[in-house]
There are 2 protein chains.
Amino acid sequence: MDTRKRIKIDDVAAAAGVSPATVSRAINNPHMVRGSVRARILELAENMGYSADGAARALATRRSQAVGAIIPTLDNAMFARIIDGLQRHLYKSNYMLLLASSDYDPEKEFRNARVMLERSVDGLMIVGAVHDPRLYKLLEASGVPFVQTLAPARASPHPSIGYDSDTVAQLVVGYLRGLGHRDFGLVVGHTAFNDRVAAYIESVRKVLDSFDIKLAPDRVLHRQYTVEEGGNALQQLVRQGPLPSAIIAGNDTLAFGLIHEAQLQGLSIPGDLSIVGLGDSEFAANLPRPLTTVRTPKSEIGRLAADYLLGRIENRTVNLPGEMQVELVVRSTTGRPAVAAPSPAKARNKTLA
Amino acid sequence: MDTRKRIKIDDVAAAAGVSPATVSRAINNPHMVRGSVRARILELAENMGYSADGAARALATRRSQAVGAIIPTLDNAMFARIIDGLQRHLYKSNYMLLLASSDYDPEKEFRNARVMLERSVDGLMIVGAVHDPRLYKLLEASGVPFVQTLAPARASPHPSIGYDSDTVAQLVVGYLRGLGHRDFGLVVGHTAFNDRVAAYIESVRKVLDSFDIKLAPDRVLHRQYTVEEGGNALQQLVRQGPLPSAIIAGNDTLAFGLIHEAQLQGLSIPGDLSIVGLGDSEFAANLPRPLTTVRTPKSEIGRLAADYLLGRIENRTVNLPGEMQVELVVRSTTGRPAVAAPSPAKARNKTLA
DNA sequence: GTGAAAGCGCTAACAT
DNA sequence: ATGTTAGCGCTTTCAC
């Protein structure tokens, strides 16, 4: 059925009356071919609809002109934006993006990485600083440049690009503490296979420590990143008794859920409860009650990852960017606590039956 | 520096005391190799850390085991979910995903497609039913199976998977009309290079026609898909005089913007204004005022696209799914219009200074 | 069932 | 500046 034959370099060479090698040069190293000849070849190639076979070129050059990226899931705006930034930047350098998701499963991540390496990706982007040891072994064995994103440089022996959770925690807790809060809750993602969550909790705890505030274990709730689960977390907190005066959320989606549920429960924000998100998603600024959150550089991370990888691939000396800027965006979900933290009577009154 | 040598099929063959051909068979056509030999080869391959070179295999088989996808942008949850569905399904069949974005630019889409075809993708997913003619020519010339998503089958001569905007319009307008609305506004994306928008407008207009309702040109506003722009559209509508009693938004993000701005303007929803979104994004159900919207099957579309492409690639006879189900989800942003449509005095009173 | 040999389409040394 | 010659690492006839 499929009788069309793809035209190849030999066809162009024959038509131009030169050798295939010359055609190859005209395309890849134009300066090595005399002007007139080059022009003729290029025009012919264009007219004949010639374009090099990627597999053959990859085999001959040992370069695929493709970069791989493995993320937990695309169903999370943060990763989507990182990938978007990465892809846009790769595009400019004529690199393709191979994408796969791991579902937060290190085993799946490992398998995906192996497949990508088999495809000879020239570089690989992964998320976070904690991975299957076999992955690192594989990466090292292959010699393929890779970079970890959403991992602060100082936290990993491997090349990493991201912001520092300590900075975020200082910003958030410092601000809340300045407002007068002493009683905190933390609603974050699950730590299994997500080192960013563990790091953030650790950072928050550390800063809290410096203020002589302790975070009770039952004040740290783990939920999936959905609005519903955020609401569910608030219910649980209410059920547990006196509500903290401030809740720090692991991302904006959870924060939305918290806010939504709080309002359903008749709690006023920030009167009864202050809430801080993380990520500054598009919706944060545009809710009826605009969310106080931390702006993180998502597409910037993707861009820098591309930069780094491309640099390494081309054997340029590249230095990793340092920690990236984050910024506290104060909006309307945070304020002074209504009552002295030690006796949150008001919150208790609103406890669900 | 990089002295590690990747181990290849000859190495395994040598170690196993067989020919490379047999190793190849053991891996790709196990039944062609005697059990004992096969076992030995496979184990050896595993231990030696052998994995086939993708480029070489692709060159020899004329198959890349990769599928390409070109979407307008990842910075839009809809496309992100489609890709997510696509990738997950490809993964199961051991296919890789090559991803690129076009920024709603047909020229860029074309260039991306060409590069992907050079890389010998085995299939290609594109979005919508309107593309650069050169793209179709290229696709046909290459013989590579492709599929259009977010395009209803009946609207294109090319294989397409999506829902029908007529159905959506009937659902939305029918419901609103049943509530008593006669005065409509439409806030959608830009039509340039986005045939879905034009189709939706057309569909809405058609259904409105059947109710003898006309849609004034200044009641159709085009905005980018951001919350801000949605709010901006409402301002414009307010500025233009009597507000429609119902606004149909091109997606949930715009709907959020409309709601948010309406509330800032002191309009009550749905008392003064009914709003319907499109897409049923995660937030739709969880806003202080849950959004009435239309649920569209996003990851399902990705999954079916993968199915179709994989089928075509393996030369199975595949039939495209018919139109896909959409569902009106009635929540709290829609209700009966407050006043008779012909004299929306109330709305006028709220016009901005 | 297994091996030998011939490519797949390109690039890169090596000549000239 | 250009042509010739070898591969790149795998799969796939074709023999045996």
Side-chain angles (χ1 to χ4, degrees), chain A residues 2 4-42 44-45 48-66 115 117-122 142-143, chain B residues 2 4-42 44-45 48-66 115 117-122 142-143:
Chain A
D2 189 7
R4 51 212 134 211
K5 42 184 55 187
R6 183 165 170 161
I7 119 146
K8 46 196 194 187
I9 202 169
D10 296 312
D11 302 330
V12 179
V18 298
S19 77
T22 299
V23 176
S24 174
R25 291 188 191 104
I27 291 170
N28 302 308
N29 299 87
H31 66 274
M32 296 182 72
V33 176
R34 191 162 21 105
S36 58
V37 185
R38 186 201 323 153
R40 184 158 45 88
I41 292 175
L42 261 22
L44 225 33
M48 299 173 71
Y50 170 72
S51 70
D53 181 291
R57 172 178 282 167
L59 183 57
T61 59
R62 313 297 329 143
R63 285 272 187 92
S64 66
Q65 296 266 105
V115 175
L117 260 12
E118 287 172 9
R119 305 301 179 86
S120 322
V121 290
D122 298 334
S142 70
Chain B
D2 189 8
R4 52 211 132 209
K5 43 184 51 177
R6 183 167 170 158
I7 121 145
K8 46 197 196 188
I9 202 170
D10 297 310
D11 302 330
V12 178
V18 298
S19 75
T22 300
V23 175
S24 173
R25 291 187 189 105
I27 292 169
N28 303 309
N29 299 87
H31 66 274
M32 297 181 72
V33 176
R34 192 159 20 102
S36 58
V37 184
R38 186 201 323 154
R40 186 158 42 87
I41 292 175
L42 261 22
L44 224 34
M48 300 174 69
Y50 170 73
S51 70
D53 180 289
R57 172 178 281 169
L59 183 56
T61 60
R62 312 298 326 148
R63 285 270 188 96
S64 66
Q65 295 266 103
V115 175
L117 261 10
E118 286 172 10
R119 304 301 178 87
S120 323
V121 290
D122 297 333
S142 70

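Labels below follow one simple rule: chain letters A, B, ... track the order of the sequence lines, proteins then strands, and each chain is numbered from 1.
Between A:S51 and B:V37, the residue anchored nearer the 5' end of DNA chain C, judged by the nucleotide with its closest heavy atom, is B:V37.
Scanning for side-chain hydrogen bond (donor to acceptor under 3.5 Å, both in side chains) contacts around B:R57 gives B:N28, with sequence neighbours left out. In this structure B:S19 satisfies the side-chain hydrogen bond (donor to acceptor under 3.5 Å, both in side chains) test together with B:T22, sequence neighbours excluded. Under the rule for a side-chain hydrogen bond (donor to acceptor under 3.5 Å, both in side chains), B:R34 has no partner lying at least two apart in sequence or in another chain. Under the rule for a side-chain hydrogen bond (donor to acceptor under 3.5 Å, both in side chains), the partners of B:D53 that lie at least two apart in sequence or sit in another chain are A:R62.
Over its full length, the helix from C:dG1-D:dC16 to C:dT16-D:dA1 turns its helical axis through 30°, comparing axes from the five pairs at each end and rounding to 10°.
In terms of modelled atom types and a separation under 3.5 Å, the side chain of A:S64 and the main chain of A:S120 share a donor-acceptor contact. In this structure a side-chain-to-backbone donor-acceptor pair under 3.5 Å is missing from B:R25 to B:V33. Side-chain atoms of B:R119 come within 3.5 Å of backbone N or O of A:Q65 as a donor-acceptor pair.
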Seminar exercise, completed: Readout for nucleotides 11-16 of chain D: B = base within 4.0 Å of protein heavy atom, S = sugar-phosphate only, - = neither; 5' to 3' it is SBB---
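The CG-C1' distance, from B:L59 to C:dC10, rounds to 8 Å in whole Å. What separates CD1 of A:I7 from P of C:dG9 is a distance of 12 Å, to the nearest Å. Counting to the nearest Å, the P atom of C:dA6 and the CG atom of B:D10 are 16 Å from each other. Between the P atom of D:dC8 and the CZ atom of A:R62 lies a distance of 9 Å, rounded to the nearest Å. In this structure, CZ of B:R6 is placed 9 Å from C1' of D:dG9, rounded to the nearest angstrom.
Residue A:K8 places its side chain closer to C:dG9 than to any other of D:dG9, C:dG1, C:dG9.
Going from atom OH of A:Y50 over to atom CG of A:L42 covers 11.0 Å, rounded to the nearest 0.5 Å.
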